[in-house]
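As the structure lists them, so they are numbered: ligands from 1, and atoms in each ligand from 1. For this chain, numbers begin at 1 and follow the sequence in order.
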Amino acid sequence: MKKTLKDFDFKNKRVLLRADLNVPLDNKEITNDARIRKSLPSIKYILDQGGSVVLLSHLGRPKGVYDENLSLKPVAKRISELLGQEVKLLADKNVISDEIIEEIKKVKAGQVVMLENTRFNPAEKKNDQEFSKKLAGACDIFISDAFGTTHRAHASNVGVASFLPSGVGFLIEKEIKYFSEALNNPKRPFVIIMGGVKVSDKIGVIENLFDKVDKLIIVGAMAYTFYKAMGYSVGKSFVEEDKLDLAKSILDQAKEKKVKLILPVDTLVAPEMKNGYPRKVVSCKEIPDDLMGLDIGDETIKEIKEELKDARTVIWNGPAGVFELEDFSKGTFAIAEILANLDQALTVIGGGDSASAVEKSGYEDKISHISTGGGASLELIEGKKLPGIECIEEA
Ligand code: ADP
Ligand code: MG
């Protein structure tokens with residue numbers, strides 16, 4: 001168990017808090033502030049306990065140099081509004097300097113300040129020790145709450161931990177709780193639904209879970225690589241031609257390990273990956289040459305519902321179709337609805353696109369846990385150790 005917020009006395013302590021404030025921007029305007037809102041509980045808890053907060057976050061990909069368009073200025077403004085108190089941006093093009101350190105030393109209990117986009121300094125991505133030491137210097141405790149970067153060892157989320165007592169915030173605590181419950185001690189039947197584009201992206205996940213799951217349901221574009229490997233024609237559907245052997249070996253492993261592997265029986269096809277073309281549902285084994293599979297069909301949705309009926313643990317990664325386009329979104333949203341109605345099951349969503357699909361489906365509140373970190377959640381399901389979590393002190 002890693003130390004969490006409850007393990008610290010924050011009274012009169014300056015807390016360096018690595019948050020994930022990497023929000024989408026359109027010309028310096030925040031288009032979705034969900035990440036800022038999700039960061040508030042940890043900040044408020046530290047303030048309520050009598051501490052002060054020095055916020056760290058990256059924003060976009062500024063390549064180690066100052067970029068006015070990626071300043072955290074609009075984020076500081078929004079977080080001030082949401083918190084109902086001023087959050088001052090201690091702006092420096094190099095993020096940290098002697099002047100900024102002096103400013104941090106003046107921060108009093110109950111106050112919140114923010115440093116500039118950590119990726120303005122090339123030392124951030126190098127996990128540079130000097131830079132980390134300066135960031136940590138004027139603070140007393142480090143709290144890590146940016147799950148989305150835990151698979152990267154950078155100065156603001158890993159380097160700083162070697163200079164301060166450390167713990168995780170509420171967001172990472174929740175990620176660890178749900179993933180370890182699902183992966184280390186799953187109630188059975190344990191089912192994994194894998195979808196999305198590439199088998200090659202997900203092979204690590206599949207191989208790590210083969211020994212743990214009872215059923216593996218494959219949907220999304222991935223399914224066509226399996227069908228091609230089985231000798232069926234898949235028309236213009238997306239296929240990884242160089243992964244046919246890999247698909248075959250997954251089919252063999254499933255048999256060997258007695259994991260029930262379920263592939264779609266029908267598929268929604270269209271001539272182009274665009275809304276508004278004529279669509280029809282065909283058998284997955286008979287996709288016409290001039291059409292491509294872009295979603296699962298109704299028979300498959302029914303079968304998935306049946307296979308999940310008695311599931312007690314479900315991990316879902318990868319959409320069932322091109323859910324971004326309304327014409328091909330039904331299957332993905334149907335799976336979200338099925339999971340939402342499994343009252344007895346622990347349901348965990350990993351993967352960036354899967355998380356946004358579930359949010360878009362409207363069933364967000366009825367899912368046990370939607371991971372806030374796309375790449376990080378995949379690496380966790382693959383069984384990898386995440387540097388951003390490993391570096392935190394044990395309770
Ligand atoms: P995640 O981010 O959840 O891990 P991926 O990145 O692997 O998921 O895959 C998400 C993408 O897969 C979505 O953009 C979706 O449009 C695409 N996709 C799903 N099914 C198909 C399909 N049949 N053909 C092409 N793309 C698909
Ligand atoms: Mg993705």
Side-chain angles (χ1 to χ4, degrees), residues 22 24 147-148 151 175 179 192-206 208-209 216-228 232-241 243 246-247 263-275 277 279-284 287-288 291-298 300-301 304 314-336 339 347-361 363-364 367 369-382 384:
N22 182 28
F147 182 68
H151 58 316
E175 299 277 357
F179 278 109
I192 177 150
I193 309 169
M194 296 294 302
V197 194
K198 293 183 180 169
V199 186
S200 48
D201 282 350
K202 309 293 166 84
I203 183 65
V205 173
I206 295 176
N208 184 44
L209 289 185
L216 167 61
I217 300 175
I218 291 177
V219 291
M222 261 173 69
Y224 308 107
T225 298
F226 282 88
Y227 279 118
K228 184 96 192 248
Y232 302 127
S233 58
V234 296
K236 281 168 43 183
S237 308
F238 178 86
V239 166
E240 277 178 286
E241 294 290 349
K243 293 294 177 297
L246 182 66
L263 283 162
V265 288
D266 59 353
T267 181
L268 182 69
V269 293
E272 297 283 339
M273 197 191 287
K274 282 180 188 149
N275 279 327
Y277 280 87
R279 294 168 291 160
K280 61 178 177 182
V281 174
V282 299
S283 156
C284 281
I287 302 175
L291 299 175
M292 57 175 93
L294 295 165
D295 195 9
I296 51 175
D298 288 340
T300 303
I301 294 174
I304 291 175
V314 184
I315 293 184
W316 178 21
N317 168 253
V322 184
F323 74 95
E324 298 91 336
L325 299 175
E326 199 192 338
D327 278 3
F328 314 108
S329 62
K330 184 179 173 185
T332 301
F333 294 156
I335 294 179
L339 296 198
T347 47
V348 177
I349 315 293
D353 292 297
S354 310
S356 48
V358 174
E359 279 154 21
K360 221 170 141 188
S361 76
Y363 293 105
E364 195 179 349
I367 300 293
H369 180 61
I370 302 173
S371 180
T372 56
S377 65
L378 275 187
E379 292 200 13
L380 208 56
I381 310 173
E382 280 177 37
K384 288 190 185 156

Does the pair Glu241/Lys228 count as a salt bridge with the N-to-O cut at 4.0 Å?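 Looking at Glu241 and Lys228, the cut-off is met.
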Is there a side-chain contact between Leu339 and Val358 in this structure, where contact means two heavy atoms from C-beta onward sitting under 4.5 Å apart?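 No. Closest side-chain heavy atoms not under 4.5 Å.
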Under a 4.5 Å cut-off applied to non-hydrogen side-chain atoms, are Trp316 and Thr347 in contact?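 When only atoms from C-beta onward are counted, Thr347 and Trp316 do not touch, as no gap falls below 4.5 Å.
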Metal site the Mg ion (ligand 2): N/O/S of Asp353 inside 2.8 Å: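 It does: Asp353 brings an N, O or S atom closer than 2.8 Å to the Mg ion (ligand 2).
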Classify the ring geometry between His369 and Phe179 as parallel (under 30°), tilted (30 to 60°) or perpendicular (over 60°).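 Rings of His369 and Phe179: perpendicular, as their planes differ by over 60°.
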Indicate yes or no for a side-chain donor-acceptor contact from Asp295 to the backbone of Leu268 under 3.5 Å, with no hydrogens or angles considered.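 No, the answer is negative, given that no donor and acceptor are paired below the 3.5 Å cut-off.
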Return yes if some donor-acceptor pair links the side-chain N/O of Ser354 with the main-chain N/O of Ile349 below 3.5 Å, else return no.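 No, Ser354 side chain to Ile349 backbone: no donor-acceptor pair under 3.5 Å.
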What are the polar N/O contacts of ligand 1 with the protein below 3.5 Å, with distances?
unit_1, atom_1, unit_2, atom_2, d
ligand 1, 2 (O), Gly352, N, 3.4
ligand 1, 2 (O), Asp353, N, 2.9
ligand 1, 2 (O), Asp353, OD2, 2.9
ligand 1, 3 (O), Asp353, N, 3.4
ligand 1, 3 (O), Ser354, N, 2.8
ligand 1, 3 (O), Ser354, OG, 2.5
ligand 1, 4 (O), Lys202, NZ, 3.2
ligand 1, 4 (O), Asn317, ND2, 3.1
ligand 1, 6 (O), Asp353, OD2, 2.9
ligand 1, 7 (O), Lys202, NZ, 2.7
ligand 1, 14 (O), Glu324, OE2, 2.4
ligand 1, 16 (O), Glu324, OE1, 2.7
ligand 1, 16 (O), Glu324, OE2, 3.4
ligand 1, 20 (N), Ala221, N, 3.4
ligand 1, 23 (N), Gly293, O, 3.1

